[in-house]
Amino acid sequence: EPPDGGDAGPADEPAPEPQPDMPDEPDTPPASPFTTVDAAYFDDALFIGDSHTDGFKDYAGLPNADYLCHNGLTVWSAVGGKPVFSTPGGKKTLEQALGEKQYGKVYLMLGINELGTGSTEDWIAQYRVVLDEVRALQPDAIIFLQAIFHTTQEKSETSYFKNGTIDARNAALRELADGMDVFYIDCNPVFDDDTGALTAAYSGDGVHVKAAYYTMWRDYLFEFGVVR
């Protein structure tokens, strides 16, 4: 009992022991969501894209995947309501094609054909429209947003296929990934030279890689599987 006969209050509790200063723990990088996979991982995969994806379909050596591609495809024409995708059942819209089969993974690559059009903000807003449609029609799929490929230094300097624009749009694209259902993959390290441009020897037109190099893109994707 306290000396004055009053109730013991909080002030009467012993002071806590001082804690020793702990050294700051080093920042540990977050665990990567990616795991290495093989060709069988793509048995339930769909690739959607423009001429880059068309080349991948023909030369990457993944015939077990499905493909919806169209030369000249943009984020606008992909969901424009026109049947632009060739399928075994004829030309179809994205909505029609995605409604026919459910996939475990969907890989998107869009953006090279829009480089001379609009702003990054306009482009990424429309990309989100495409992404939302894919997610609505493929609710169980893991979605991979593939970065726009760089062009050669000469192409970048002499046309609207500018690597500065590509980098800005890729930065915006990365922000659409949530790390849970939607993931961003930048395959540019496969083909870039030390200046951050497409290696000239890999390309005939400054934009697309030659047929022999598509397997390098495929093998890089093998390092970025997501397994639930």
Side-chain angles (χ1 to χ4, degrees), residues 29-70 73-75 77-79 84-85 87-88 92-112 114 123-149 166 169-191 214-228:
S32 171
F34 299 114
T35 187
T36 301
V37 297
D38 59 20
Y41 179 78
F42 297 88
D43 286 348
D44 63 347
L46 171 68
F47 287 82
I48 301 172
D50 49 40
S51 52
H52 282 304
T53 300
D54 201 32
F56 188 91
K57 176 187 72 172
D58 290 341
Y59 303 117
L62 280 181
N64 48 320
D66 285 352
Y67 297 87
L68 291 175
C69 40
H70 176 70
L73 190 70
T74 70
V75 291
S77 65
V79 289
V84 296
F85 297 103
T87 74
K92 301 208 171 152
T93 65
L94 185 64
E95 182 179 8
Q96 289 169 337
L98 291 180
E100 293 181 345
K101 180 179 177 180
Q102 291 298 299
Y103 293 93
K105 305 104 186 176
V106 176
Y107 289 79
L108 283 165
M109 178 174 276
L110 294 161
I112 195 70
E114 301 94 300
W123 178 79
I124 201 63
Q126 183 62 26
Y127 202 118
R128 186 184 291 276
V129 173
V130 178
L131 175 59
D132 287 347
E133 177 154 320
V134 173
R135 293 188 74 174
L137 294 168
Q138 297 288 324
D140 298 323
I142 301 167
I143 300 174
F144 297 92
L145 310 177
Q146 298 180 92
I148 308 168
F149 278 128
I166 291 172
R169 297 192 179 189
N170 282 341
L173 184 60
R174 180 191 291 271
E175 294 301 312
L176 293 186
D178 61 17
M180 295 181 291
D181 301 304
V182 183
F183 297 86
Y184 173 80
I185 302 178
D186 183 0
C187 294
N188 277 297
V190 178
F191 297 131
Y214 280 91
T215 55
M216 295 167 59
W217 175 4
R218 176 203 67 194
D219 291 348
Y220 195 73
L221 289 181
F222 284 178
E223 299 177 32
F224 293 92
V226 173
V227 178
R228 288 173 167 162

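Position 1 is the first residue of the sequence; numbering continues from there. The analysis underlying the following values was restricted to heavy atoms, covering all of them including side chains, and did not include hydrogens, waters or symmetry mates.
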Engineer: Residues in side-chain contact (heavy atoms from CB on, under 4.5 Å) with A39, at least two apart?
Structural biologist: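 L62, F222.
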Engineer: Of all residues at least two apart in sequence or in a different chain, which pass the side-chain hydrogen bond (donor to acceptor under 3.5 Å, both in side chains) check with Q126?
Structural biologist: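 Applying side-chain hydrogen bond (donor to acceptor under 3.5 Å, both in side chains) to Q126 gives none.
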Engineer: Is there a side-chain contact between Q146 and L221 in this structure, where contact means two heavy atoms from C-beta onward sitting under 4.5 Å apart?
Structural biologist: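 Of all side-chain heavy-atom pairs linking L221 with Q146, at least one is under 4.5 Å.
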Engineer: Output yes when a side-chain donor or acceptor of N188 lies under 3.5 Å from a complementary backbone atom of I148, and no otherwise.
Structural biologist: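 Answer holds: yes.
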Engineer: Under 4.0 Å between a Lys/Arg side-chain N and an Asp/Glu carboxylate O for E100 and K92?
Structural biologist: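 A salt bridge is present here (some side-chain N lies under 4.0 Å from a carboxylate O).
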Engineer: Once rounded to the nearest 0.5 Å, what's the spacing between atom CG of L108 and atom CD1 of I185?
Structural biologist: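 Between atom CG of L108 and atom CD1 of I185 there are 11.0 Å.
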Engineer: Return the set of residues passing side-chain hydrogen bond (donor to acceptor under 3.5 Å, both in side chains) with D66 (not counting sequence neighbours), or none when no residue passes.
Structural biologist: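 For D66, the residues satisfying side-chain hydrogen bond (donor to acceptor under 3.5 Å, both in side chains) (neighbours in sequence not counted) are K101, Y103.
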Engineer: Checking E114 side chain against V75 main chain: does a donor-acceptor pair fall under 3.5 Å?
Structural biologist: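 Answer holds: yes.
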Engineer: Can you name the residues that form a side-chain hydrogen bond (donor to acceptor under 3.5 Å, both in side chains) with N64, not counting sequence neighbours?
Structural biologist: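 With sequence neighbours excluded, N64 shows a side-chain hydrogen bond (donor to acceptor under 3.5 Å, both in side chains) to D43, given in chain and number order.
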Engineer: Partners of D140 by salt bridge (charged side-chain N to carboxylate O under 4.0 Å, His left out), sequence neighbours excluded?
Structural biologist: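 D140 satisfies salt bridge (charged side-chain N to carboxylate O under 4.0 Å, His left out) with no residue once adjacent residues are dropped.
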Engineer: Side-chain contact, heavy-atom cut-off 4.5 Å: Q102 with P139?
Structural biologist: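 The answer is yes, as the side chains (C-beta and beyond) meet within the 4.5 Å cut-off.
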Engineer: Atom OH of residue position Y59 - does it have more than 12 heavy atoms of other residues, nucleotides or ligands inside 6.0 Å?
Structural biologist: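 Result for OH/Y59: open.
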Engineer: Who pairs with D181 by side-chain contact (heavy atoms from CB on, under 4.5 Å), at least two apart in sequence or on another chain?
Structural biologist: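 With neighbours one apart ignored, the set is R135, D178, R228.
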Engineer: Under the rule for salt bridge (charged side-chain N to carboxylate O under 4.0 Å, His left out), what residues qualify as partners of R128, not counting sequence neighbours?
Structural biologist: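 None.
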Engineer: Once side-chain contact (heavy atoms from CB on, under 4.5 Å) is applied, do any residues pair with E133, and if so which ones, sequence neighbours excluded?
Structural biologist: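 Per chain and number, E133 pairs via side-chain contact (heavy atoms from CB on, under 4.5 Å) with V79, L94, E95, L137.
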Engineer: Does some side-chain heavy atom of F149 sit less than 4.5 Å from a side-chain heavy atom of F191?
Structural biologist: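 Touching, per the 4.5 Å side-chain cut-off.
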Engineer: Is any side-chain heavy atom of V227 less than 4.5 Å from a side-chain heavy atom of Y41?
Structural biologist: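 SC-SC contact between V227 and Y41 confirmed.
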Engineer: Holding to ring pair (Phe, Tyr, Trp, His ring centres under 6.0 Å), I want the full list of residues that pass it with Y107, two or more places apart in sequence or in another chain.
Structural biologist: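 Partners of Y107 under the ring pair (Phe, Tyr, Trp, His ring centres under 6.0 Å) test: F42, F47, F144.
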Engineer: With A60, which residues qualify under side-chain contact (heavy atoms from CB on, under 4.5 Å), at least two apart?
Structural biologist: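 Checked A60 against side-chain contact (heavy atoms from CB on, under 4.5 Å); matches are F56, Y214, R218.
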Engineer: Output every pair passing side-chain hydrogen bond (donor to acceptor under 3.5 Å, both in side chains) with a member in residues 47-56, not counting sequence neighbours, ordered by first then second residue.
Structural biologist: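 Residue pairs with at least one partner in residues 47-56: S51-H208, D54-K57.
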